[in-house]
> 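Could you have a look at this structure, given as structure tokens, before my questions?
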Amino acid sequence: MSKLFNRHLVVQESDFYGNCPVQAEITSDGLYFYFRSRGRYASLDIYDFEGIPDDLPGDDLLLYSGGLNSWQWTGAGSISRNEALYAFYLLWSDAKGAIA
């Protein structure tokens, strides 16, 4: 479980796609990160998995799963890329603290 401890991860706005939901699939050093946000809720799942899978890996590979309730609901439920980056940062910070 210490795979996330002291890990430095570079995430950029270009890693995010879509509007409703905003999503990101990121791989780094044998970990797969899946981020999704729509409406008031954002989530981050981190798997002990190399590459981007065709489907989400099984729960046996899940290292972290967390969510964040935050924004006001907008008409279509979309959030900006900057809001998505901030939500990812908050969830990533929580993940490192939860698993360390």
Side-chain angles (χ1 to χ4, degrees):
M1 287 270 210
S2 62
K3 243 186 159 174
L4 300 179
F5 187 66
N6 288 333
R7 179 178 288 269
H8 179 72
L9 179 67
V10 176
V11 177
Q12 302 176 43
E13 186 177 343
S14 61
D15 292 324
F16 294 81
Y17 57 90
N19 292 316
C20 186
V22 175
Q23 298 179 79
E25 292 182 286
I26 300 163
T27 61
S28 177
D29 296 328
L31 296 179
Y32 168 69
F33 298 77
Y34 177 67
F35 172 84
R36 183 180 191 279
S37 64
R38 183 173 190 275
R40 296 182 194 101
Y41 189 72
S43 64
L44 177 65
D45 294 332
I46 303 172
Y47 295 89
D48 189 4
F49 186 86
E50 184 70 43
I52 296 180
D54 293 332
D55 201 1
L56 289 179
D59 286 345
D60 56 323
L61 299 176
L62 185 64
L63 297 175
Y64 171 84
S65 183
L68 177 66
N69 261 327
S70 193
W71 311 268
Q72 295 292 331
W73 181 266
T74 60
S78 63
I79 66 170
S80 72
R81 295 290 195 292
N82 284 337
E83 288 175 305
L85 277 166
Y86 183 64
F88 185 95
Y89 167 78
L90 292 175
L91 290 165
W92 173 234
S93 296
D94 182 60
K96 290 191 299 183
I99 295 178

> What distance do Tyr17 atom OH and Glu25 atom CD have between them, rounded to the nearest 0.5 Å?
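Answer rounded to 0.5 Å: 4.0 Å.
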
> Are Tyr89 and Val22 grouped together when hydrophobic residues (ILVMFWY) are joined by side-chain heavy atoms under 4.5 angstrom apart?
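Looking at the clustering, Val22 is in the same group as Tyr89.
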
> To the nearest 0.5 Å, what is the distance between CG (Leu91) and OH (Tyr86)?
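Those atoms lie 10.5 Å apart.
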
> If you take all heavy atoms of Asn82 and Glu13, which pair is closest and at what distance?
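Heavy-atom minimum between the residues: OD1-OE1, 4.2 Å.
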
> When you compare the side chain of Asn19 with that of Arg81, does any pair of heavy atoms fall below 4.5 Å?
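Arg81 vs Asn19: side chains touch.
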
> Kindly determine whether Arg36 and Arg38 satisfy side chain to side chain contact (heavy atoms under 4.5 Å, CB included), including the steps that lead there.
CA-CA 7 Å; Arg36 183 180 191 279; Arg38 183 173 190 275; 4.2 Å; yes

> Indicate the atoms forming the closest heavy-atom contact of Gly67 with Tyr41, along with that distance.
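That closest heavy-atom pairing would be CA-OH, 3.2 Å.
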
> Identify which one of Asp15, Ile26, Leu68 satisfies the side-chain contact (heavy atoms from CB on, under 4.5 Å) criterion when paired with Phe88.
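With Phe88 as partner, side-chain contact (heavy atoms from CB on, under 4.5 Å) holds for just one option, Ile26.
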
> I need the Ser37 OG to Phe16 CZ distance, nearest 0.5 Å.
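Atom-to-atom, Ser37:OG and Phe16:CZ are 8.0 Å apart.
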
> Roughly how far apart are Leu62 CG and Tyr34 OH, rounded to 0.5 Å?
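Reported value, rounded in 0.5 Å steps: 13.5 Å.
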
> Please report the closest heavy-atom contact between Ala95 and Ile46, naming both atoms and the distance.
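Answer, listing the atom of Ala95 first, then Ile46: CB-CD1, 3.8 Å.
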
> Just jot down the side-chain contact (heavy atoms from CB on, under 4.5 Å) partners of Pro57, sequence neighbours excluded, or say none.
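Partners of Pro57 under the side-chain contact (heavy atoms from CB on, under 4.5 Å) test: Tyr32, Tyr47, Phe49, Pro53, Leu61.
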
> Would the distance check show the side chain of Ser80 and the main-chain N or O of Glu83 forming a donor-acceptor pair, the cut-off being under 3.5 Å?
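Yes, the answer is positive, given that a donor and an acceptor are paired below the 3.5 Å cut-off.
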
> Does the ring centre of Phe35 sit less than 6.0 Å away from the ring centre of Trp92?
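No, they do not, as the ring centres are separated by 6.0 Å or more.
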
> Enter the distance from Leu44:CG to Leu90:CG here, rounded to the nearest 0.5 Å.
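If we round to the nearest 0.5 Å, Leu44:CG and Leu90:CG are 11.0 Å apart.
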
